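What you see is a predicted model; the values in this text were computed from it and never measured. Numbered from 1 within each chain, the chains take letters A, B, ... in sequence-line order.
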2 protein chains.
Amino acid sequence: MPSRLKLIVSYDGASFAGWQSQAGGNTIQDHLEAAFQLICSQPVRVHGAGRTDAGVHAIAQCAHVDLPARRYAPERWILALNGILPPAIRIMRCGFVSDSFHARFSAKGKRYRYRIWNAAVLPPFESGRAWHVRNSFDVEAMAAAAQSFCGEHDFASFVANRGTPETDTTRIIRSVKVRRAGAMISIEFDGNGFLYKMVRMMVGMLVRVGLGTAPAAEIAARLQSPRKANPRGRHAAPADGLFLVRVRY
Amino acid sequence: MPSRLKLIVSYDGASFAGWQSQAGGNTIQDHLEAAFQLICSQPVRVHGAGRTDAGVHAIAQCAHVDLPARRYAPERWILALNGILPPAIRIMRCGFVSDSFHARFSAKGKRYRYRIWNAAVLPPFESGRAWHVRNSFDVEAMAAAAQSFCGEHDFASFVANRGTPETDTTRIIRSVKVRRAGAMISIEFDGNGFLYKMVRMMVGMLVRVGLGTAPAAEIAARLQSPRKANPRGRHAAPADGLFLVRVRY
């Protein structure tokens, strides 16, 4: 009888120190593990599909846990966990899966959305949930340039340093969609995997193209010769606008 | 030369003690007056179109101030004020008006929106911005019943006590629109004026109709004989879901 529970977790990352458990606490993983421990009366390890940084949001992060006992039906787990978790972290769905499922190792890809509010004033309801850029953009130029990211490339020029350097920086981007709806510009990336701060680096690049401060050709050049690219040209967009939309399995 | 500035103010009410200035501070009015005082180096009184309670939001509250000197152009006032105010309070627009304009006394009506999230789990991004009701609703019954509020009525049965009782409890509701989009039910009220907690009382009534715990006819009965209505039947919906959408002049 399987006791591995798959969780779909949504969170507003504004008030948390990111996904991954850390000494200071107040991460999404810390809150989830504390809720499980309270229910199970023993430590339970939560395995996420991937980390998200402080301030980054998730519409549907995925995680799994191995329960000490299959005590409740999935609907009861949702009620019990959400009753303990802060309102900014919610279990949206959950269900029992076989032991062959692993939130991180079974993941085939992810989808991220980045939101930019492009107007003079950022409305209070978008505070912490979009990057506020006042200058006007050429969204069509951004959308065209964004297509350069599609396909298999070495993204070494679009990764931030997280202590240990990545050995393999090759990733496949399946699609990039740039849309404008009023003042909101959204950029959605679908790929087989993303390096540390890679989405925010790509957004930073696209915004420079949209504002006319970088040529669109710089993207192709950086992908073709990542090790030669000027590291000063790297600009990570702020965490506020980034949403993990889904994990594909 | 007029020095009366009209402000369109948007705020996420979740972390404030309502609109009206009070001893404890942390109201929208307090924050606005503090920002003006910092810029003008003297106290400036802010006059709002009306009060909103703690937790109630505004997409476009209206207010006016009499400036000691017409120091800046409107665009500069927006930048200066938003540079001081917390991100949850934003001046969206502003402009100079004649001394005959008064945010409260010139108002001809208001529009309010109430949002209800009708699903098992309230997503983190709707926390504090919608009333979470799990039970399923008859939205069509609510929409039909809502029309009973339209027209001129004595709303004495849909008002909460705020110390001094209202002498005239007659108001005109111009329209009530009930819409469902996925799990979100929104109810929009347009009227010439609203009594204390009147929108939340009307929503509380409509939700009881939608859930089948009150007959639709109770609305007409309460409007026809407000003083005879059972005060126990009054239920104010929580502040979270309420948004002041606009003030008409």
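- Only the side chain of A:Leu79 comes within contact range of chain B, with heavy atoms under 4.5 Å apart.
- Under the 6.0 Å cut-off for aromatic ring centres, B:Phe243 and A:Phe125 qualify, their centroids lying closer than that.
- When each of A:Ala120, A:Gly128, A:Ala88, A:Pro86 is checked for heavy-atom pairs under 4.5 Å with chain B, A:Ala88 comes out on top.
- Residues passing the side-chain contact (heavy atoms from CB on, under 4.5 Å) test with B:Ala35 are B:Leu81, B:Ile84, B:Leu85, sequence neighbours excluded.
- For a residue to count as touching a neighbouring chain, one of its non-hydrogen atoms must lie under 4.5 Å from one of that chain's; by this rule A:Ala58 touches chain B with the backbone only.
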Counting distance alone, with no hydrogens or angles, which donor-acceptor pairs between chain B and chain A are under 3.5 Å?
{"residue": "B:Phe125", "atom": "O", "partner": "A:Arg129", "partner atom": "NH1", "Å": "3.1"}
{"residue": "B:Arg129", "atom": "NH1", "partner": "A:Phe125", "partner atom": "O", "Å": "3.1"}

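- Contact annotation for A:Ile78: only side-chain heavy atoms (C-beta onward) come within less than 4.5 Å of a heavy atom of chain B.
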